[in-house]
Amino acid sequence: MPEYRFRLEDTAPNKRDCVMDCPDLNSAHLTAKYVARQLAAKDILKGRLRISQMLLIEDELGLLVDSVPLDEAICIS
């Protein structure tokens with residue numbers, strides 16, 4: 001099963017914030033909103049979150065294959 005890496009765009013490119021095996025890119029995209037909330041929670045605990053950033057989805061080689069806007073995964077009211 002392919003491995004996908006998820007990270008917020010403000011994090012270092014080599015830092016592996018979250019790595020998951022997903023059967024295909026569509027499954028990785030569906031997982032992205034959950035992962036985005038988890039990674040955003042870490043930033044909130046550090047006292048900083050830029051809601052306008054993207055969650056980047058990279059393949060096993062570190063190539064960008066998809067992205068999800070963070071504001072699609074989190075509702076702030």
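Heavy-atom basis, side chains included; hydrogens, waters and symmetry copies ignored.
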Checklist entry - So if you build clusters from Ile, Leu, Val, Met, Phe, Trp, Tyr with side-chain heavy-atom gaps below 4.5 Å, do Ile57 and Leu30 land together? => result no
Item to check | Nearest heavy-atom neighbours spanning Leu55 and Ala32 | outcome: CD2-O, 3.1 Å
Checklist entry - Side-chain contact, heavy-atom cut-off 4.5 Å: Gln53 with Asp43? => result yes
Checklist entry - So Glu58 and Leu63, side-chain contact (heavy atoms from CB on, under 4.5 Å) or not? Walk me through it. => result CA-CA 5 Å; Glu58 299 170 345; Leu63 300 173; over 6 Å; no
Item to check | Asp71 CG to Arg50 CZ distance, which is reported to the nearest 0.5 Å | outcome: 11.0 Å
Checklist entry - Can we say Arg5 and Glu60 salt-bridge, meaning some charged N sits less than 4.0 Å from an Asp/Glu carboxylate O? => result no
Item to check | Linked, directly or transitively: Val68 and Leu25 (ILVMFWY side chains, under 4.5 Å) | outcome: yes
Checklist entry - Going hydrophobic residue to hydrophobic residue with side-chain gaps under 4.5 angstrom, can you get from Leu39 over to Ile44? => result yes
Item to check | Which atom of Ala73 lies closest to which atom of Lys33, heavy atoms considered | outcome: CB-O, 3.7 Å
Next on the checklist: Taking Met54 as the starting point, is it possible to reach Ile76 by hopping between hydrophobic residues whose side chains are less than 4.5 Å apart?
Outcome noted: no
Checklist entry - Looking at Leu56 and Ser67, what are the two nearest heavy atoms and their distance? => result CD2-CB, 4.1 Å
Next on the checklist: Go through it in stages, so that I can follow the logic: the residues are Phe6 and Val19, the test is side-chain contact (heavy atoms from CB on, under 4.5 Å), and I'd like the CA-CA distance, side-chain angles, deciding distance and then a yes or no.
Outcome noted: CA-CA 6 Å; Phe6 301 87; Val19 178; over 6 Å; no
Checklist outcome for this item: Tightest non-hydrogen contact, residues Ala40 and Leu70, listed as CB-CD1, 4.2 Å
Item to check | Tyr4 side chain reached by Val65 side chain, heavy atoms, under 4.5 Å | outcome: yes
Next on the checklist: Just verifying a value: how many Å separate Leu49 CG and Leu8 CG, rounded to the nearest 0.5 Å?
Outcome noted: 7.5 Å
Item to check | Nearest-0.5 Å distance that lies between atom CD1 in Ile51 and atom SG in Cys75 | outcome: 9.5 Å
Checklist entry - Heavy-atom distance under 4.5 Å between the side chains of Cys22 and Thr31, does that happen here? => result yes
Item to check | Beyond-backbone contact of Glu3 with Met20, side-chain heavy atoms, under 4.5 angstrom | outcome: no
